[in-house]
Number of protein chains: 2
Amino acid sequence: MRSETYSRDRYHHGNLPEVLIDEGSKVLAEKGIDGFSMREVARRAGVAVAAPSHHFGNAKGLLTAIAAQGFGKLAKNMELAATASRDSEDRVVAMCQAYRAMGMSDPGYAAIMFRVELVDESDQRFQEQAARAFGLFEEALERAASRSVDAAQISYAARTLWATMHGLVDLKMIKDQEAEELIRFAVRTLLAGIR
Amino acid sequence: MRSETYSRDRYHHGNLPEVLIDEGSKVLAEKGIDGFSMREVARRAGVAVAAPSHHFGNAKGLLTAIAAQGFGKLAKNMELAATASRDSEDRVVAMCQAYRAMGMSDPGYAAIMFRVELVDESDQRFQEQAARAFGLFEEALERAASRSVDAAQISYAARTLWATMHGLVDLKMIKDQEAEELIRFAVRTLLAGIR
DNA sequence: ATTAATATCTGAACGATGATCAGATTGAGA
DNA sequence: TCTCAATCTGATCATCGTTCAGATATTAAT
């Protein structure tokens, strides 16, 4: 019985990058960004303090990789949530709920995914995953809007609603009991506004 | 000619707390939250590293004080912006613009004012200033809405728009040339939605 | 005016962190 | 099998936040 999470009997770990991402997101979930450190992650992975740098360059690199994974999860959750409804407005609401759920239940990811100063936004994989999540969102909104709405309006609406959800979650403005109602309010007023 | 910003000839500084807040916000503006440190602020104030702790407890305490001052500035800017217009919708837009202007031109404040993990939200002065800014916002929105809209709707709308502005600024989703248009879009659709 | 109490600041220390670098170890391809 | 690149270690460095005893100044009380 070893107290460390991962064995250290081999000099070469095998799949250190993945393990570091996993352990890193666990640390974030448990202690938040304040309790996060490269050394802590290295400890949990049972590896020397300098090892992570070889794969991710620096702390920002690891956080960026975790954030990219987070956006991948968000996209998946949003897709899943959307399939539950047939009504196009309901689908947008469901996606917003997925966004909220991730921000609330997975505080580790939420704490860094949108933190410009913590993440390297120029990272390709990060951009891909973030764009994928936002793309799903935009698409769903486009379907919920009437056909007569032009592209510029749709773009405005998508960005506005995305920003709204981000704000509501980031500022913790959604109380659990009224989440459904408040989100639906935001979606409905926006759709009503562009129709 | 002294290189230090403040003299150190007196053992007792006189108004250290204010100076620390000033220097702290300057550091934030220049180097962002990454470059911010108690030691750096102490250096600029020409004071021992331990001095700030006596007034603000810890780093979070100083950041909280700076953030509170930031909300005070924001409230002032919003009030000022609102007086420029007579139309109630225009006033809401002007307030949003003030919000945005602060987020963009004063990145030092924006970097911490809404960062839960950096700030002590239970701090009284912080709460007061933040509530004041939001209160102005809520009030302006209430005036812009028609009289038939009930209080719950107004509350939803205020929170939604505040969140939207926060999201747009935080995620840097507003490009300069379309700022006016996008903000007006957000305000107008929201008002249209609740009318 | 003198003294006591309080507020303010110093200087040195401690533990922890991110980053760097030479060198050890391993695995993959010639 | 041998070579070379990839991977990881261990030690080091500068910096950071915080703490604490003690020095200095201000205020209040006598």
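Convention: sequence-line order gives letters A, B, ...; per-chain numbering from 1.
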Handout entry: Reported OG1-to-CE distance for the pair T160(B) and M165(A), which is rounded to 0.5 angstrom
Key = 10.0 Å

Exercise for the section: Please step through side-chain contact (heavy atoms from CB on, under 4.5 Å) for the pair I21(A) and F56(A), ending with a clear verdict. Expected result: CA-CA 10 Å; I21(A) 290 176; F56(A) 297 102; 3.8 Å; yes

Problem - Length of the line joining L20(A):CG and dT7(D):P, which is rounded to integer Å - result: 12 Å

Practice task
Report yes if some heavy atom in the side chain of R125(B) is under 4.5 Å from a heavy atom in the side chain of Q129(B); otherwise report no.
Solution key: yes

Handout entry: Ion pair check, E139(A) and R91(A), cut-off under 4.0 Å
Key = no

Practice task
Taking the six-membered ring for Trp and the single ring otherwise, decide whether the centroids of F114(B) and F71(B) are under 6.0 Å apart.
Solution key: yes

Practice task
Give, for atom NE2 of H166(B) and atom CE of M173(A), the distance between the pair rounded to the nearest 0.5 Å.
Solution key: 9.0 Å

Problem - Any H55(A) side-chain nitrogen or oxygen under 4.0 Å from OP1 or OP2 of dA6(D) - result: no

Fill in the blank from the handout: With five pairs defining each end axis, the helix from dA1(C)-dT30(D) to dA30(C)-dT1(D) comes out bent, to 10°, by 10°

Fill in the blank from the handout: Per the under-4.0 Å heavy-atom filter, residues of residues 107-118 of chain A near DNA chain D come out as none

Practice task
Measure across V41(A) and G24(A) and return the closest heavy-atom pair with its distance rounded to 0.1 Å.
Solution key: CG2-CA, 3.9 Å

Exercise for the section: Grab the two heavy atoms, one from V92(B) and one from V187(B), that are nearest each other, plus how far apart they are. Expected result: CG1-CG1, 3.9 Å

Exercise for the section: Take the protein atom CG of N15(A) and the nucleotide atom P of dT26(C), then report the distance between them rounded to whole Å. Expected result: 17 Å

Practice task
Check the distance between dT10(C)'s C1' and L16(B)'s CG and give it to me in whole angstrom.
Solution key: 12 Å

At a cut-off of 3.5 Å, list every protein nitrogen or oxygen paired with a nitrogen or oxygen from nucleotides 17-21 of chain C, distance to 0.1 Å.
from: dG18(C); atom 1: OP1; to: M38(A); atom 2: N; distance (Å): 3.0
from: dG18(C); atom 1: OP2; to: M38(A); atom 2: N; distance (Å): 3.2
from: dG18(C); atom 1: OP2; to: R39(A); atom 2: N; distance (Å): 3.3
from: dG18(C); atom 1: N7; to: R39(A); atom 2: NH1; distance (Å): 2.4
from: dG18(C); atom 1: O6; to: R39(A); atom 2: NH1; distance (Å): 3.2
from: dA19(C); atom 1: OP2; to: A59(A); atom 2: N; distance (Å): 3.0

Practice task
With side-chain contact (heavy atoms from CB on, under 4.5 Å) as the test, would you mind laying out the steps for Q153(A) and F185(B) before giving the verdict?
Solution key: CA-CA 9 Å; Q153(A) 290 273 99; F185(B) 169 87; 3.8 Å; yes

Practice task
Test R184(A) against E181(A) for salt bridge (charged side-chain N to carboxylate O under 4.0 Å, His left out), laying out the working first.
Solution key: CA-CA 5 Å; R184(A) 191 166 290 277; E181(A) 210 177 339; over 6 Å; no

